[in-house]
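Along the sequence shown, the residues carry numbers beginning at 1.
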Amino acid sequence: MLCAGKAIEIYGSEQLKGRILPELAKGCEIGALAVSEPGAGSDVSAIKTTAEKCGEEYILKGEKAYVTNAKVADGIVTLTKTGDSFTVFAAPKFAAGICVGEPARTLGMRGAVAANISFNDVNLGDNNILGGYGNGLAVIADIFDYVRLNVCAVANGIAVAAYNVAKSHAETRESFGKPLAAHQIVAFRVTDMHVDADVSRMLMYNAAWKKQNGEKCAPFVALAKVSASDTAIKNSDRCMKVLASAGLSADSPAQRIYRDARLMEIAGGTNDILRQIIARDLLEL
Ligand SMILES: Cc1cc2nc3c(=O)[nH]c(=O)nc-3n(C[C@H](O)[C@H](O)[C@H](O)COP(=O)(O)OP(=O)(O)OC[C@H]3O[C@@H](n4cnc5c(N)ncnc54)[C@H](O)[C@@H]3O)c2cc1C
């Protein structure tokens, strides 16, 4: 995932950046971001993976869950508990003690395979710390903005793909002697797909602009991610309606879009959690 590279770019030592970033940029290496655990998804502060200082080194123990790219990654950026605080480490995937589990069998997004990763007494040094000892939650909060913008872009791609499939079908299939698109309810359904996809793309650009320019952006990123993922799911459903029986075929792109869209409201934090971020910004509580 690009965001592991972003964490190294912003928070890594010069040595780490010099070794890893050119390889990531060339596509020769792949990164993974491992935050979630079997017992800690939305509640990041409930993670149990620890990094214990032992002389000059840190020893990592614990298990991460649903790590996208775990199987193919060359390096892993991970959040650990360090006593009462949290610290982010960048670990080479082939460090002794790192073990990647079986690929998760998921409903959709099967092209980006996730798996669990266990850290069994993995030794890392100070140079592997990103953003300083004890600053893990702040580092991850910053990186989550990028993760969520990333999810926005994927969700927007899904929403537009759904629109394209529905539009093409509505223009070519006929019912009652005319193209489906000539029936107003179908034309409006396809039009709404375009409208919603365009709106959520603009919200993504707005949030990305704020992030890039150092403005307060977490609620705007959350808003863009909620809009993009809700639109991906809504458009995938509308696409199925326009295609009807053709959409249910296992060979149809519509059914893949429908399955892929579901992850968008979960990845990078569920939309419930993101609505809380927006609500905290809007409401005086
Ligand atoms: C295919 C896939 C790929 C993934 N890739 C990665 C990855 O690369 N790296 C990574 O770190 N993680 C990854 N994840 C994990 C993902 O970030 C979590 O699934 C997500 O944060 C939600 O956690 P959870 O599934 O444990 O749900 P839970 O936290 O158990 O939540 C379950 C439900 O309860 C709701 N809920 C929980 N707490 C609250 C609350 N306080 N208020 C209101 N509602 C609440 C949630 O919104 C949700 O509806 C991936 C997940 C999947 C499925």
Side-chain angles (χ1 to χ4, degrees), residues 1-13 15-41 44-54 57-82 86-104 106 109 111-133 135-148 150-151 267-269:
M1 196 179 221
L2 276 177
C3 301
K6 198 73 191 166
I8 291 167
E9 180 194 334
I10 301 173
Y11 296 106
S13 65
Q15 190 193 346
L16 214 52
K17 284 195 264 192
R19 196 194 69 66
I20 295 173
L21 293 182
E23 298 307 306
L24 289 178
K26 281 187 281 184
C28 296
E29 290 195 6
I30 292 178
L33 183 68
V35 177
S36 306
E37 297 187 358
V44 169
S45 64
I47 62 160
K48 290 201 159 49
T49 298
T50 54
E52 200 179 316
K53 185 133 175 97
C54 194
E57 299 199 310
Y58 297 86
I59 300 177
L60 274 66
K61 284 184 198 172
E63 185 177 12
K64 295 292 174 181
Y66 276 110
V67 182
T68 301
N69 283 343
K71 282 275 177 202
V72 293
D74 301 279
I76 302 155
V77 169
T78 192
L79 180 69
T80 65
K81 269 220 95 173
T82 40
F86 296 82
T87 302
V88 174
F89 286 85
K93 221 271 283 305
F94 302 104
I98 291 184
C99 183
V100 178
E102 288 303 306
T106 52
M109 292 300 288
V113 179
N116 285 18
I117 296 179
S118 43
F119 293 87
N120 308 305
D121 295 329
V122 177
N123 282 24
L124 296 175
D126 273 326
N127 190 41
N128 297 93
I129 293 180
L130 303 184
Y133 183 90
N135 297 324
L137 287 185
V139 170
I140 286 299
D142 182 29
I143 296 306
F144 267 12
D145 285 339
Y146 293 103
V147 172
R148 288 166 187 160
N150 212 315
V151 174

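- Judged by distance alone, with hydrogens and angles left aside, the side-chain atoms of Asn116 form no donor-acceptor pair with the main-chain N or O of Val100 at under 3.5 Å.
- By the 6.0 Å contact criterion, NZ on Lys53 is enclosed, its count of non-hydrogen atoms from other residues, nucleotides or ligands being greater than 12.
- With hydrogens and angles disregarded, no donor-acceptor distance shorter than 3.5 Å links the side chain of Gln15 to the backbone of Asn127.
- With hydrogens and angles disregarded, no donor-acceptor distance shorter than 3.5 Å links the side chain of Asn123 to the backbone of Ile59.
- Scanning for salt bridge (Lys or Arg N to Asp or Glu O under 4.0 Å) contacts around Glu23 gives Lys26, with sequence neighbours left out.
- Counting only distance, with no hydrogens or angles, the side chain of Lys64 and the backbone of Pro38 share no donor-acceptor pair below 3.5 Å.
- Residue pairs meeting the side-chain hydrogen bond (donor to acceptor under 3.5 Å, both in side chains) criterion with at least one member in residues 86-100, sequence neighbours excluded, are Thr82-Thr87.
- Note: Ile143 CD1 to Ile8 CD1 = 9.5 Å, rounded to the nearest 0.5 Å.
- Note on residues 114-128: pairs passing salt bridge (charged side-chain N to carboxylate O under 4.0 Å, His left out), not counting sequence neighbours, are Lys61-Asp121.
- A side-chain donor from one of Asp142 and Tyr11 sits under 3.5 Å from a side-chain acceptor of the other.
- A pairwise comparison of heavy atoms in Ala4 and Ala32 identifies CB-O, 3.5 Å as the closest pair.
- Proximity of Leu79 to Thr49: side-chain heavy atoms (C-beta onward) are nowhere separated by under 4.5 Å.
- Atom-to-atom distance recorded for Phe94:CZ and Ile76:CD1 is 9.0 Å, nearest 0.5 angstrom.
- Closest of all the heavy-atom pairs between Ala115 and Pro103 is CB-CA, 4.2 Å.
- For Glu9, the salt bridge (Lys or Arg N to Asp or Glu O under 4.0 Å) partners are Lys6, not counting sequence neighbours.
- Heavy-atom minimum distance, Ala51 versus Phe89: CB-CE1, 3.5 Å.
- Residues passing the ring-ring contact (aromatic ring centres under 6.0 Å, His included) test with Phe119, sequence neighbours excluded: none.
- Atoms CG and NZ, on Leu130 and Lys17 in that order, are 10.5 Å from each other to the nearest 0.5 Å.
- Taken from CG in Asn69 to CD1 in Ile30, the straight-line distance is 5.5 Å, to the nearest 0.5 Å.
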Verify side-chain contact (heavy atoms from CB on, under 4.5 Å) between Ile140 and Phe144, making sure each step is shown before the conclusion.
-> CA-CA 6 Å; Ile140 286 299; Phe144 267 12; 3.9 Å; yes
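- Scanning both residues, Val122 and Ala95, for their nearest heavy atoms gives CG1-CB, 4.1 Å.
- For Ala114 against Tyr66, the heavy-atom pair with the smallest separation is CB-C, 3.8 Å.
- For Gly5 against Leu21, the heavy-atom pair with the smallest separation is O-CD2, 3.6 Å.
- Taking CD1 of Ile98 as the reference point, atom CG of Leu60 lies at 8.0 Å (rounded to 0.5 Å).
- The line from CD1 of Ile129 to CG of Leu124 is 9.0 Å long, rounded to the nearest 0.5 Å.
- With sequence neighbours excluded, the residues forming a side-chain contact (heavy atoms from CB on, under 4.5 Å) with Ala112 are Thr68, listed by chain and number.
- Residue Val88 is tested with Leu33, Thr78, Val77 for a side-chain contact (heavy atoms from CB on, under 4.5 Å); the sole match is Val77.
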